[in-house]
Amino acid sequence: MTVVTRFAPSPTGFLHIGGARTALFNWLYTRHHKGRFLLRIEDTDRARSTPEAIAAIIDGLTWLGLDWDGEAIYQSRRSARHAEVAHALLAEGKAYRCWCTPAELDAMRERARAEGRPVRYDGRWRDRDPFEAPSGVEPVIRLKAPQDGATAIADGVQGDVTVANAQLDDMVLLRADGSPTYMLAVVVDDHDMGITQVIRGSDHLTNTFRQVQIFRAMGWPEPGYAHIPLIHGPDGAKLSKRHGALGLEAYRDMGFLPEAMRNYLLRLGWSHGDDETISTEQAIAWFGLESVGRSPARFDMDKLIALNAHYLREADDDRLAEFVVGRLGTPVDAAGRTRLRAGLGGLKTRARTLVELAETARVYASGPTIAIEDKARALLGGDNRPLLAGVRRRLAALPDWSPAALEAALRTSAQAEGRNLGALAQPLRAALTGHTVSPGIFEVMHVLGRELTLARIDAAIE
RNA sequence: GUCCCCUUCGUCUAGCGGCCUAGGACAUCACCCUUUCACGGUGAAGACACGGGUUCGAUUCCCGUAGGGGACGCCA
């Protein structure tokens with residue numbers, strides 16, 4: 001049987017970390033089994049669903065590199081079919097009309113809570129004669145759920161979970177206005193789409209028992225279920241905006257690489273022995289529900305950053321150069337681009353995010369004039385000025401501008417002055433980069449070229 | 001309140017009864033490398049929530065307790 005999965009976000013906000021991981025797990029599971037991964041937009045809440053949120057979800061998935069099969073399905077367009085199923089259940093006596101008003105239900109719930117009883121609908125219209133229906137109230141359709149026994153599911157992650165049917169009430173299938181509820185829509189869509197495996201956040205675990213009851217009432221085969229633990233904030237509480245509950249695009253803007261995000265999200269709740277850096281190919285080959293943990297994981301920015309630094313070092317320089325130029329915010333001429341590209345190797349071992357990379361890349365992207373930070377400026381006064389002037393003369397006369405030749409020249413220079421290399425390299429670094437920290441000084445000079453190197457020294461000591 | 005789930009270093013996790021003096025990664029600290037800072041290398045510190053069982057033997061199995069999370073909508 002072909003595996004069919006789906007990612008079913010509701011477009012009421014951005015695609016956050018938790019949703020992204022759910023999508024990733026579905027995608028990996030599907031690709032591993034060579035099945036079909038579908039995208040369903042659960043936009044039945046018309047008031048809260050927005051086109052911006054839909055775009056954010058699609059952009060987020062695309063950025064993460066998770067491709068879905070076929071066109072995205074919009075749940076809101078399927079309401080006629082949902083209603084059809086509700087009415088079929090009604091016709092078979094597996095559902096019934098309920099004329100309770102929202103106020104009546106509120107009162108019922110309040111009373112139950114006050115008396116310490118389970119909070120749920122008491123089934124008062126379950127066997128009541130419809131002729132007793134009050135006028136002026138539109139009824140909802142409720143499922144006539146089993147009242148005895150228990151409903152069990154074999155969850156791919158949580159194991160066997162059983163709930164007494166007495167805990168579940170007769171849920172609303174169709175609202176008074178004829179629109180389907182989430183419970184109904186999900187079941188009908190999962191069935192119609194041929195979903196074989198549902199992988200979603202564990203906040204849906206208790207919903208599953210109700211959904212399973214609808215499947216059984218319709219006589220439909222149930223999909224397999226797997227509920228993955230939620231992601232919590234650093235303090236162990238639910239992920240909030242303070243923490244990492246940002247949209248994926250926020251992480252992109254912070255300079256994270258999609259491959260780093262994928263790897264990070266994968267390791268949150270899933271493991272493969274001691275492996276830490278896992279390529280997407282390996283992830284597809286190795287991924288399985290049995291290796292998904294059952295306890296919630298906390299979001300840890302430091303680990304994400306460390307992983308990002310790793311992937312930054314591994315990343316292709318041409319790709320990185322594109323990212324950096326786009327983030328510089330200032331135009332870069334062709335020569336600047338060439339320098340930047342050539343200097344990337346030394347830059348990327350020192351950066352952890354694309355933002356940091358772009359910041360340090362200004363050293364190569366800029367022309368003769370650069371901003372000098374205070375700590376660097378302090379190295380450009382006093383005795384260091386004549387020292388730099390001496391270095392400048394030697395460099396100007398250097399026949400060969402290779403890193404090796406530059407190093408030899410600086411070392412003999414230092415020796416001649418009776419100083420160690422650092423005493424010479426630091427002022428030079430300050431003059432050339434405007435910082436006290438940079439890639440190796442010979443590399444910097446080599447990438448900058450003779451002309452720019454001399455120009456920056458001149459600018460620093462004039 | 002009711003029901004369900006979870007619990008190994010600060011964090012992510014390995015462990016599926018003896019291989020565990022509990023392993024790895026991030027973070028922290030120290031040292032090495034070194035023209036700065038990184039990278040890299042070496043090392044240190046750091047955990048089985050608690051209490052009962054079961055067993056020759058429990059981090060691993062069972063039961064409680066505590067703590068955390070989730071669900072209880074005509075939201076999704």
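Residue numbers begin at 1 in each chain, while the letters A, B, ... track the order of the sequences.
In this structure, A:Leu268 atom CG and B:C6 atom P are separated by 18 Å, rounded to whole Å. In this structure, A:Ile278 atom CD1 and B:G24 atom P are separated by 17 Å, rounded to whole Å. If you take CD of A:Gln211 and P of B:C4, they are 19 Å apart, rounded to a whole angstrom. Protein atom CG of A:Asp155 is 21 Å distant from nucleotide atom P of B:C3, rounded to whole Å. Taking atom CG on A:Leu307 and atom C1' on B:U11, their separation rounds to 14 Å, with Å as the unit. Computed from coordinates, the A:Ile214 CD1 to B:A76 P distance equals 12 Å when rounded to whole Å. Summarising the geometry, the separation between NE2 on A:His272 and C1' on B:C12 is reported as 17 Å, rounded to the nearest angstrom. In this structure, NE2 of A:His82 is placed 18 Å from P of B:C74, rounded to the nearest angstrom.
Using a 4.0 Å heavy-atom criterion, one finds that A:Arg142 contacts the sugar-phosphate atoms exclusively. Within 4.0 Å (heavy atoms only), A:Ser179 reaches no atom of the nucleic acid at all. Counting non-hydrogen atoms under 4.0 angstrom, A:Thr44 reaches the backbone sugars and phosphates but no base. Residue contacts for A:Glu276: at a heavy-atom cut-off of 4.0 Å it reaches a base atom on one of the strands shown. Using a 4.0 Å heavy-atom cutoff across all strands shown, A:Val140 reaches at least one base atom of the nucleic acid.
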Base versus backbone protein contacts along nucleotides 64-73 of chain B [heavy-atom cut-off under 4.0 Å; B, S, -]: -----SBSSS
B/S/- contact track for nucleotides 27-48 of chain B, protein heavy atom under 4.0 Å: --------BBBBSS--------
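Figure legend. B:U2 is base-paired to B:A71; pairs are counted as Watson-Crick or G-U wobble with both atom distances under 3.5 Å. B:A25: Watson-Crick or G-U partner is B:U11, with both key distances under 3.5 Å. Look at B:G51: its Watson-Crick or wobble partner, with both distances under 3.5 angstrom, is B:C63.
For the C1' atoms, the distance linking B:A49 with B:A66 amounts to 8 Å, nearest Å. Comparing the P positions of B:G69 and B:C56 gives a spacing of 40 Å, expressed to the nearest Å. When the P atom is used for both B:G53 and B:U60, the distance is 15 Å, rounded to whole Å. Atom name P, nucleotides B:G68 and B:C63: the rounded distance is 22 Å, in whole Å. With both ends at atom C1', the span from B:U8 to B:G24 equals 13 Å, rounded to whole Å. Distance check on atom P: B:C20 versus B:U59 gives 14 Å, rounded to whole Å. Look at the P atom in both B:A44 and B:A25: the space between them is 13 Å, to the nearest Å. Using P as the reference atom, B:C16 and B:U54 are 25 Å apart when rounded to the nearest Å.
By the side-chain contact (heavy atoms from CB on, under 4.5 Å) test, A:Glu42 pairs with A:Ala8, A:Ser10, A:Arg40, A:Gln75, A:Tyr182, A:Val186, sequence neighbours left out.
Enclosure of atom CZ in A:Arg200 by more than 12 non-hydrogen atoms of other residues, nucleotides or ligands within 6.0 angstrom is indicated. At most 12 non-hydrogen atoms from other residues, nucleotides or ligands lie less than 6.0 angstrom from CD of A:Glu110. Atom CG of A:Asp177 is surrounded by more than 12 heavy atoms from other residues, nucleotides or ligands within 6.0 Å.
A:Lys94 contributes atom NZ, which lies 12.5 Å from atom CG of A:Leu173 (distance to the nearest 0.5 angstrom). Note that CG of A:Leu265 is 7.5 Å distant from CZ of A:Phe25, once rounded to the nearest 0.5 Å.
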Criterion side-chain hydrogen bond (donor to acceptor under 3.5 Å, both in side chains) on A:Arg350 and A:Thr360, from CA distance to verdict: CA-CA 9 Å; A:Arg350 270 159 265 255; A:Thr360 56; over 6 Å; no
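Both A:Cys100 and A:Arg267 lie close to RNA chain B; mapped to their nearest nucleotides by heavy-atom distance, the more 5′-ward contact belongs to A:Arg267. Summary of the strand contacts: A:Leu105 and A:Arg21 both lie near RNA chain B, and taking for each the nucleotide with the nearest heavy atom, the more 5' one is attributed to A:Arg21.
The salt bridge (Lys or Arg N to Asp or Glu O under 4.0 Å) contacts involving residues 276-299 of chain A comprise A:Arg267-A:Glu276, A:Glu276-A:Lys303, where partners must be two or more places apart or lie in separate chains. Evaluation of the salt bridge (Lys or Arg N to Asp or Glu O under 4.0 Å) test over residues 376-391 of chain A, restricted to residues two or more places apart or in two chains, returns none. Each side-chain hydrogen bond (donor to acceptor under 3.5 Å, both in side chains) pair with one or both residues in residues 434-444 of chain A, not counting sequence neighbours, appears once here: A:Glu373-A:His435, A:Arg429-A:Ser438.
Taking the side chain of A:Thr181 as heavy atoms from C-beta on, and the options B:A76, B:C5, B:U13, the nearest nucleotide is B:A76. Of the candidates B:C74, B:A14, B:C4, the closest approach to any side-chain atom of A:Asp274 belongs to B:A14. Residue A:Ser295 has its side chain nearest to B:U7 when only B:A14, B:U7, B:C5 are considered.
Using bins of under 30°, 30° to 60° and over 60° for the plane-to-plane angle, the ring pair A:His272/A:Trp270 lands in the parallel bin.
The six-membered or imidazole ring of A:Phe209 lies away from that of A:Tyr225, with a centre-to-centre distance of 6.0 Å or more.
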